[in-house]
Asker: 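The structure is given below, and queries will be raised subsequently.
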Amino acid sequence: MNLRFVEAFHWAVSLSSVTRAAQKLHITQSALSARISALEEELGTVLVDRRDKQFRLTIAGQRFHVMAQQLLSVQRQIKEAMGHNSSGLVTVRIGAIESVVHSWLPGWLVRMRSEQPDFAFELTVETSPVLVDQVKRGALDLVFAAIPATDAGLRTVALPSMALSFVGRVDIHQASRYRLNDLACFELMTFQRGSQPHQALLELFQGEHTSPPRVHNISSISAMVQLVEAGFGVATLPSEVIDDLAQRSPLKRLPGTPALAPLPIHASYREDPTSSLTESLLSSAMNHLKTSAASRRRRSHPSGA
């Protein structure tokens, strides 16, 4: 049995689409359909119900898909046990929200370059809903978003959340303390409407029975930073991002401000019985986050301080 044909069938089932499966395997749609047809001929049974345009499995197809996953998993285990190492670059399609891109993602990618020299990536920077949709459709292999992806065949792991802070300009926001009423006097900027930071900001004012100020929704951290630097107003941004930017720009975390709910981060990916690469990447990212957090703690609390 040709395992390439089994793999084609698996991805068509996993992604519920011959078109998306063909894109995943970098072959034409007709080639993928031919592989499934050849598999059906070899097995002597129909696996896919072709009576309409919607992708459906026959009962035999449902049974075979379970065995197909087992076959591909055994193939992967054999290759790993025999020390198989595919030649050439392995490209992984990664998606991330801006908060991740502007914080720990660059350091992790530098680390990956040394850990896996054959690793290459395609990076998509988008909002969480778009990233989740793309990993569901198989357009991305691994995404870091503020919301989890829930779908058959997908796995989601919660990563450390990101603290958020109110950020202003050093020479404009000079008060020693900023209460909620003080913040209501400024133009406030946060992430896109309906996002977790946007909802958390509105709930903060509602909880204090304070009239919410005018809130501007901006999906770009770079745009918010430039607006704060220009003196437009105050933004809610990841604390880690601001700590790095403050070393080279006139930004500061505003003191005494009420606590903002942290930004949750979830890593989501589709299970792949043919490869453990995505799981390996996620493990590396989690180790990098632990190392980075320990390093920040040492800088904040040096010995003897």
Asker: Considering non-hydrogen atoms only, spot the tightest contact between Ala261 and Leu164 and give its length.
Answerer: O-CD1, 3.6 Å

Asker: Are Leu154 and Trp11 grouped together when hydrophobic residues (ILVMFWY) are joined by side-chain heavy atoms under 4.5 angstrom apart?
Answerer: no

Asker: Does any non-hydrogen side-chain atom of Arg137 lie less than 4.5 Å from one of Leu15?
Answerer: no

Asker: Is there a donor-acceptor contact under 3.5 Å linking the side chains of Ser284 and Glu115?
Answerer: yes

Asker: For residues Ala259 and Leu204, report the shortest heavy-atom separation together with the two atoms involved.
Answerer: O-CD1, 3.9 Å

Asker: If two hydrophobic side chains count as joined below 4.5 Å and joins carry through other members, does Leu245 share a cluster with Val101?
Answerer: no

Asker: Going from CZ on Phe166 to OG1 on Thr257, what distance comes out if it is rounded to the nearest 0.5 angstrom?
Answerer: 6.0 Å

Asker: Before you tell me yes or no, could you show the steps for Glu187 and His216 under side-chain hydrogen bond (donor to acceptor under 3.5 Å, both in side chains), namely the whole-Å CA-CA distance, both residues' side-chain angles and the distance that decides it to 0.1 Å?
Answerer: CA-CA 8 Å; Glu187 302 281 346; His216 304 275; 2.6 Å; yes

Asker: Any Lys/Arg nitrogen of Lys24 or Asp141 sitting under 4.0 Å from an Asp/Glu carboxylate oxygen of the other?
Answerer: yes

Asker: Is any side-chain heavy atom of Val48 less than 4.5 Å from a side-chain heavy atom of Arg56?
Answerer: no

Asker: What do you reckon, are the aromatic ring centroids of Phe186 and His173 less than 6.0 Å apart?
Answerer: yes

Asker: Where the side chain of Gln192 meets the backbone of Ile218, is there a donor-acceptor pair that is under 3.5 Å apart?
Answerer: no

Asker: Determine, stepwise, if the pair Val143 / Thr124 fulfils side chain to side chain contact (heavy atoms under 4.5 Å, CB included).
Answerer: CA-CA 9 Å; Val143 300; Thr124 297; over 6 Å; no

Asker: Are Val234 and Val228 side-chain neighbours, meaning at least one heavy-atom pair lies under 4.5 Å?
Answerer: no

Asker: Heavy-atom distance under 4.5 Å between the side chains of Gln77 and Ser73, does that happen here?
Answerer: yes

Asker: Over all heavy atoms of both residues, which pair between Thr190 and Pro197 is shortest? Give the atoms and the distance, please.
Answerer: OG1-CB, 3.6 Å

Asker: State, without any angle test, whether Ser14 and Arg270 hold a side-chain donor-acceptor pair at a distance under 3.5 Å.
Answerer: yes

Asker: Could you tell me whether the side chains of Ser195 and Gln199 share a donor-acceptor contact shorter than 3.5 Å?
Answerer: no

Asker: Check whether any side-chain heavy atom of Val225 lies under 4.5 Å from a side-chain heavy atom of Val241, and answer yes or no.
Answerer: no

Asker: Mark yes or no for whether Arg169, through its side chain, and Pro250, through its backbone, hold a donor-acceptor pair below 3.5 Å.
Answerer: no

Asker: Please check if the side chain of Asn217 supplies one atom and the backbone of Phe191 the other of a donor-acceptor pair under 3.5 Å.
Answerer: yes

Asker: Which heavy atom in Met1 sits nearest to a heavy atom in Val6, and how many Å separate them?
Answerer: SD-CG2, 3.6 Å

Asker: Go through the steps to decide whether Leu263 and Ser99 satisfy the test side chain to side chain contact (heavy atoms under 4.5 Å, CB included), and finish with yes or no.
Answerer: CA-CA 9 Å; Leu263 177 67; Ser99 296; 3.6 Å; yes

Asker: What distance do Leu277 atom CG and Leu282 atom CG have between them, rounded to the nearest 0.5 Å?
Answerer: 11.0 Å

Asker: Given 3.5 Å as the limit, does a donor-acceptor pair link the side chain of Asp182 with the main chain of Arg179, or not?
Answerer: yes

Asker: Donor-acceptor check, side chain of Ser17 to backbone of Thr19, threshold 3.5 angstrom: yes or no?
Answerer: yes

Asker: So, do Leu188 and Arg214 sit near enough that their side-chain heavy atoms are less than 4.5 Å apart?
Answerer: no

Asker: Which heavy-atom pair separates Glu240 from Trp104 by the least distance, and what is that distance?
Answerer: OE2-N, 4.1 Å

Asker: Grouping I, L, V, M, F, W and Y whenever their side-chain heavy atoms are under 4.5 Å apart, do Phe5 and Leu32 come out in a common cluster?
Answerer: yes

Asker: State the CE-CD1 distance between Met112 and Ile94, to the nearest 0.5 angstrom.
Answerer: 8.0 Å

Asker: Is a side-chain donor or acceptor of Ser220 paired with a backbone partner of Ala223 at a separation under 3.5 angstrom?
Answerer: yes

Asker: Show your reasoning for whether side chain to side chain contact (heavy atoms under 4.5 Å, CB included) applies to Glu279 and Arg155.
Answerer: CA-CA 10 Å; Glu279 293 171 337; Arg155 286 192 176 184; 4.0 Å; yes

Asker: Is there a path of hydrophobic side-chain contacts, each under 4.5 Å between heavy atoms of I, L, V, M, F, W or Y residues, that connects Val18 with Leu43?
Answerer: yes

Asker: Hey, could you give me the CZ/CG distance between Arg4 and Leu72, rounded to the nearest 0.5 Å?
Answerer: 13.0 Å

Asker: Identify, with sequence neighbours excluded, every residue that meets side chain to side chain donor-acceptor pair (under 3.5 Å) alongside Ser30.
Answerer: Thr28

Asker: Check whether more than 12 heavy atoms from other residues, nucleotides or ligands sit under 6.0 Å from atom CZ of Arg50, and answer yes or no.
Answerer: yes

Asker: If I compare all heavy atoms of Val170 with all of Gln174, which pair ends up nearest, and what's the gap?
Answerer: O-CG, 3.4 Å

Asker: Side chains of Thr127 and Ser219: is there a donor and an acceptor less than 3.5 Å apart?
Answerer: no

Asker: May I ask you to say whether Arg93 pairs ionically with Glu122, meaning some side-chain N is under 4.0 Å from a carboxylate O?
Answerer: no

Asker: What do you reckon, is CG of Leu3 surrounded by more than 12 foreign heavy atoms closer than 6.0 Å?
Answerer: yes

Asker: Counting only heavy atoms from other residues, nucleotides and ligands, does the tally under 6.0 Å from CZ of Phe121 exceed 12?
Answerer: no

Asker: Is Ser33 reaching over with its side chain to a backbone N or O of Gln29, donor-acceptor style, under 3.5 angstrom?
Answerer: yes

Asker: What I'd like to find out is whether the side chain of Pro160 reaches to under 4.5 Å of the side chain of Leu289, using heavy atoms alone.
Answerer: yes

Asker: Using a 3.5 Å distance criterion without hydrogens, assess whether the side chain of Gln75 forms a donor-acceptor pair with backbone atoms of Pro273.
Answerer: no

Asker: In Å, rounded to the nearest 0.5 Å, how long is the span from CD1 of Ile221 to CD of Gln226?
Answerer: 12.5 Å

Asker: Would you say that Val13 contacts Phe55 through its side chain, given a criterion of any heavy-atom pair below 4.5 Å between the two side chains?
Answerer: yes

Asker: Indicate yes or no for a side-chain donor-acceptor contact from Thr291 to the backbone of Asn287 under 3.5 Å, with no hydrogens or angles considered.
Answerer: yes

Asker: Tell me whether Asp243 is salt-bridged to Arg253, with the criterion being a basic N under 4.0 Å from an acidic carboxylate O.
Answerer: yes

Asker: Quick one: do Leu105 and Val132 end up in the same hydrophobic cluster if we chain Ile, Leu, Val, Met, Phe, Trp and Tyr together by side-chain heavy atoms under 4.5 Å apart?
Answerer: no

Asker: Parallel, tilted or perpendicular: which describes the rings of Phe9 and Phe64, with under 30° parallel and over 60° perpendicular?
Answerer: tilted

Asker: So, Ser268 side chain and Thr156 main chain: donor-acceptor pair closer than 3.5 Å or not?
Answerer: no

Asker: Working to the nearest 0.5 Å, report the span between CD1 of Ile36 and CG of Leu47.
Answerer: 8.0 Å

Asker: Check the pair Met162 / Ile265 against side chain to side chain contact (heavy atoms under 4.5 Å, CB included), numbers first and verdict last.
Answerer: CA-CA 7 Å; Met162 303 183 72; Ile265 303 295; 3.8 Å; yes

